[in-house]
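Inspection log for the structure reproduced underneath, given as structure tokens.
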Amino acid sequence: MFSLVVCTIDRFDQLERLFLSLMNQRYRDFEVILVDQNPDDRLLELIGSFSPFFVIRRVRSAKGLSRARNNGMVAAKGDYVCFPDDDCWYEPDTLETAARLFVEHPELAIVTGRTLDAGGSASVSPTGETSLAVTRWNYLKCGNSNSIFVRRSALPEIGGFDENLGVGSDSPFQSGEEADFLLRALAAGKRLMFFPELIVHHDQVTSEYGPRQVERARKYGRGFGALMRKQRFPLAYVCYRLCRPVAGWLAALLRFRADTARYKRAWLMGILEGYATWPRWDRG
């Protein structure tokens, strides 16, 4: 059985889209652990309308994506656990494909896949079209949290998501939790593989570079900087990851693209701040 840990706050229509896609799954042995971070009971009617079709167990949690996922994992009963966002949706064969891959590869603790938009283009993060083992050097190209499927039996050794990383965390480090999860699995000696045929859908992240996107880039950059410090990546790797936004920033300036330049600079400054301050910050 699969346990789908779905953390949600301030969404309805997109969550309904996910549930509709779950109704169409060819593989039917699954449960939804709905980790509700809303302050009220606004989702009860939606839960009631889908409960006749698959098991939905509602768990309440304070804000923080990593905290919510950890609370959901505690409640999970399935042999496999996955983490679809409340604004993603599945192909009819998503769970069927994941189940087949785990059966065909009993040595794997985690399988990951691609996240594509409705038109079939990569969204959220870039991925390839060739199966490959996940390593410390290619983890950023091997899926995101939407497409992580893990054997529950491996979780005691891997541990949960780091609650000091990720959106909604009490810390300044608002990303990096899913990469940290994969890297800790590797450090625990687990085997992970990326499979392009395992597909989850998610809309494209906006390409606009307005004030909100610039602010988010700085917060997410801090998470990535903290991740590199926490995982003790060598200085050469850190410098490489810093050179990319530097090059993007300078290229945008040369092309007089001020919004893009501000975005790239915010990402760069965020990485530097996260790397410099992990694990120290003012907890208030």
Side-chain angles (χ1 to χ4, degrees), residues 2-3 5 65-67 69-70 72-73 76 78-85 97-99 101-115 122 124-167 169 171 173-198 200 220-242 244 271 274-275 278-279:
F2 283 86
S3 292
V5 177
L65 183 55
S66 292
R67 180 183 298 115
R69 284 177 177 156
N70 288 342
M73 282 194 289
D79 303 288
Y80 313 112
V81 182
C82 50
F83 312 96
D85 287 343
T97 300
L101 291 170
F102 277 120
V103 170
E104 292 176 353
H105 300 276
E107 76 282 4
L108 297 179
I110 295 176
V111 299
T112 70
R114 291 191 292 171
T115 303
V124 183
S125 61
T127 52
E129 297 185 1
T130 304
S131 300
L132 73 163
V134 181
T135 71
R136 276 177 63 86
W137 311 110
N138 67 9
Y139 67 99
L140 290 175
K141 295 182 179 180
C142 293
N144 57 77
S145 58
N146 284 317
S147 59
I148 293 174
F149 296 76
V150 56
R151 292 186 194 270
R152 188 160 64 93
S153 60
L155 288 175
E157 291 182 73
I158 300 172
F161 290 89
D162 188 335
E163 295 183 11
N164 293 319
L165 296 171
V167 174
S169 167
S171 80
F173 315 120
Q174 299 291 296
S175 71
E177 78 289 347
E178 60 213 76
D180 177 67
F181 183 82
L182 296 178
L183 291 167
R184 283 189 288 110
L186 290 169
K190 303 301 180 184
R191 296 183 64 180
L192 295 62
M193 273 198 79
F194 163 79
F195 296 94
E197 67 265 35
L198 179 58
V200 176
Y220 283 22
R222 290 187 190 120
F224 185 51
L227 171 76
M228 291 193 291
R229 183 73 175 269
K230 177 185 178 181
Q231 292 292 337
R232 299 182 179 181
F233 278 100
L235 186 59
Y237 179 86
V238 176
C239 290
Y240 166 70
R241 288 296 169 187
L242 288 171
R244 291 169 62 91
I271 295 174
Y275 192 85
W278 175 269

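Reckoned from all heavy atoms, side chains included, excluding hydrogens, waters and symmetry mates. All values reported here derive from a predicted model rather than from experimental measurement.
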I'd like to know if the side chain of [X] reaches the main chain of [Y], judged simply by a donor and an acceptor atom lying under 3.5 Å from each other, with no hydrogens or angles considered.
| X | Y | value |
| --- | --- | --- |
| R152 | D79 | no |
| N70 | L65 | no |
| R191 | E107 | no |
| R67 | D162 | no |
| R184 | G160 | yes |
| S147 | T112 | no |
| S66 | L165 | yes |
| N146 | V200 | no |
| S3 | A76 | no |

Could you tell me which residues satisfy ring-ring contact (aromatic ring centres under 6.0 Å, His included) with F102, sequence neighbours excluded, listed by chain and number?
Y80
Among residues at least two apart in sequence or on other chains, which ones pass ring-ring contact (aromatic ring centres under 6.0 Å, His included) with F161?
F83, F181
Would you mind telling me which of Y275, Y139, Y240 makes a ring pair (Phe, Tyr, Trp, His ring centres under 6.0 Å) with F233?
Y139
Angle between ring planes, F195 versus H105, binned at 30° and 60°: parallel, tilted or perpendicular?
tilted
Is it the case that over 12 heavy atoms from other parts of the model lie below 6.0 angstrom from the CD atom of E129?
no
If you count heavy atoms of other groups shown closer than 6.0 angstrom to CZ of R244, is the number above 12?
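No, CZ of R244 has 12 or fewer neighbouring heavy atoms, counting only those of other groups under 6.0 Å.
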Side chain to side chain contact (heavy atoms under 4.5 Å, CB included) partner of C142, chosen from T135, L132, L192, I148:
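Answer after filtering T135, L132, L192, I148: L132.
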Between the side chains of R69 and E177, is the shortest nitrogen-to-carboxylate-oxygen separation below 4.0 Å, so that they form an ion pair?
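Answer for the salt bridge query: yes.
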Identify whether the distance between the nearest side-chain nitrogen and carboxylate oxygen of D180 and K230 falls below 4.0 Å.
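Counted as a salt bridge, because a side-chain N and a carboxylate O are separated by less than 4.0 Å.
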Spacing of CZ belonging to R232 relative to CZ belonging to R136, to within rounding of 0.5 Å
10.0 Å
Apply side-chain hydrogen bond (donor to acceptor under 3.5 Å, both in side chains) to N144 and T115, showing your working.
CA-CA 8 Å; N144 57 77; T115 303; 2.9 Å; yes
